[in-house]
Amino acid sequence: MTAWIVLPVSLSAFSITGIWIVYAMAVMNHHVCPVENWTYNVTCSKETAKRGFPKTCCAPQDIPLISKCGCYPPESCLFSLIGNVGAFMVVLVCILRYAQVIEHSHQCWVNTSAMVSGCINALGLVMVGNFQVDHARTLHYVGAGVAFPAGLMFVCLQCVLTYRIAETALDYWMAHVRVGLSAGALVSLILSGIFFIHESFVLQHAAAICEWVFTILILVYYGTFTYEFGTVNNDTMMAALVRHIPHNRPGSGGIVGGISKGVAMGCSARSLKSPVGSSTSTHLNSTPESVAMI
């Protein structure tokens, strides 16, 4: 078990706790209305509620979308911090997962596409966190339009990879859990988009709730990588590095060339670890006679 096991659960705990703190701050500062409120007025007179208590009159601009909650200071500062730190942790998770799948002998376009979509998701999160919707609407919507679909694509592709490398009943159980989370995220994202384009205040409020559900499901999904990250070690990263060594490098052609041929046949190249548990570094330090035999 390695320290990397903390990364996915930290990402989930930090981000979920952070966005709910942002929401609470926005409600207390009268920047949005509580999520349990379903009544909206076209206009509101001067707010009479005391500071630190929810608003008594809610207008359409007070719908508690996640982006709206992080629009004004002081909660906007925390919202930007969550977006930046969360994006960095997402990139780390994507890279480690990419290397881990290679180590399990399944380097293919699905694995590469999953890593790329995860990194694009992180880029969108940075844009969403740093360009508030009321101050840089176009950039904010571009970031959201990138982050949400890319995040959904990442979790769906990871479901495929989880089934591919599953070996035990617990592995398959985890795959089933991820499929459930992905299905919930897909449904909530579609409903959020459908409700958001309507002028009805009730439907727009429902869109906000669906957006919250989608975000939390995606973050919980990232947290499930704790299950696999307990086995991440130096050999995991070495597996990814060996995969990208040029074929014409002296002393590496026999190994890397063989791996690449297997990969080209459809994600079924054998793992860099032997059945008896020898590591990647052992293969790289093999004698010339052993390399010739391979």
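Starting from 1, each residue takes its place in the sequence as its number.
Enclosure of atom CD in E36 by more than 12 non-hydrogen atoms of other residues, nucleotides or ligands within 6.0 angstrom is indicated. At most 12 non-hydrogen atoms from other residues, nucleotides or ligands lie less than 6.0 angstrom from CE of M153. Other residues, nucleotides and ligands contribute more than 12 heavy atoms inside 6.0 Å of the OH atom of Y163.
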| said: side-chain contact (heavy atoms from CB on, under 4.5 Å) for L181 and T224? Distances and angles first, verdict last. | reply: CA-CA 10 Å; L181 291 172; T224 63; 4.1 Å; yes
| task | Could you walk me through whether L152 and L186 pass the side-chain contact (heavy atoms from CB on, under 4.5 Å) test, one step at a time? | result | CA-CA 7 Å; L152 182 62; L186 175 61; 3.6 Å; yes
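Nearest heavy atom pair, residue M127 against residue V142, reads CE-CG1, 3.9 Å. When all heavy atoms of I5 and P8 are compared, the pair lying nearest together is O-CD, 3.5 Å. Here the closest non-hydrogen pair linking C156 and S182 is N-OG, 4.2 Å. Among all heavy-atom pairs drawn from S192 and C210, the shortest one is CB-CB, 3.7 Å. Nearest approach of L7 to F229, heavy atoms of both residues: CD2-CE2, 4.5 Å. Between V128 and F79, the closest heavy-atom pair is O-CE2, 3.6 Å.
The ring pair (Phe, Tyr, Trp, His ring centres under 6.0 Å) analysis of residues 199-218, with sequence neighbours excluded, yields the pairs W20-W212, Y23-W212, W38-H205, Y40-H205, F148-F214. Pairs passing the side chain to side chain donor-acceptor pair (under 3.5 Å) check and including a residue from residues 138-147, sequence neighbours excluded, read S67-H140, R137-Y141.
Residues H31 and C71 fail the side-chain proximity criterion, which asks for heavy atoms closer than 4.5 Å. Residues L161 and I165 have side chains not in contact (no heavy-atom distance under 4.5 Å, counting atoms from C-beta outward). Taking 4.5 Å as the limit, some side-chain heavy atom of Q100 sits within range of a side-chain heavy atom of R97. Using a 4.5 Å cut-off on side-chain heavy atoms (C-beta onward), V93 and L11 make contact. Side-chain contact check for I63 versus V32: every heavy-atom pair is 4.5 Å or farther apart.
F131 and L125 fall into different hydrophobic clusters, where Ile, Leu, Val, Met, Phe, Trp and Tyr side chains are chained together by heavy-atom contacts under 4.5 Å. Follow the hydrophobic side-chain contacts under 4.5 Å out from V220 and you reach M89 in the same cluster. Grouping the Ile, Leu, Val, Met, Phe, Trp and Tyr side chains by contacts below 4.5 angstrom, directly or via other members, places V22 with V213. Cluster annotation: V35 and I16 are assigned to the same hydrophobic cluster (Ile/Leu/Val/Met/Phe/Trp/Tyr, side-chain heavy-atom contacts under 4.5 Å, transitive). In this structure, V91 is not a member of the same hydrophobic cluster as V146, with clusters built from ILVMFWY side-chain heavy atoms closer than 4.5 Å.
The CD1 atom of I19 sits 5.0 Å away from atom CD1 of I66, with the distance rounded to the nearest 0.5 Å. With rounding to the nearest 0.5 angstrom, the OG atom of S113 is 6.0 Å from the CG atom of L157. Taking CG of L92 as the reference point, atom CZ of F225 lies at 13.5 Å (rounded to 0.5 Å). Taken from OG1 in T112 to OH in Y98, the straight-line distance is 4.0 Å, to the nearest 0.5 Å. Between the CG atom of L78 and the CD1 atom of I21 there is a distance of 6.5 Å, given to the nearest 0.5 Å. To the nearest 0.5 Å, atoms CE (M115) and CD1 (I120) are separated by 10.5 Å.
Looking only at distances, a side-chain donor or acceptor of S80 sits under 3.5 Å from a matching main-chain atom of G129. Remark: side-chain polar atoms of S117 are paired, donor with acceptor, to backbone N or O of A114 under 3.5 angstrom.
Taking the six-membered ring for Trp and thresholds of 30 and 60 degrees, Y172 and H176 have ring planes inclined between 30 and 60 degrees apart.
With hydrogens and angles left out, the side-chain atoms of T162 and E228 include no donor and acceptor closer than 3.5 Å. Defined by atom type and a distance below 3.5 Å, a donor-acceptor pair is missing between the side-chain atoms of R178 and Q158.
In this structure, C58 and C33 have their SG atoms less than 2.5 Å from one another.
Checked against the 6.0 Å centroid threshold, F154 and Y222 count as a close aromatic pair. Ring-centre distance between H30 and Y72: not below the 6.0 Å cut-off.
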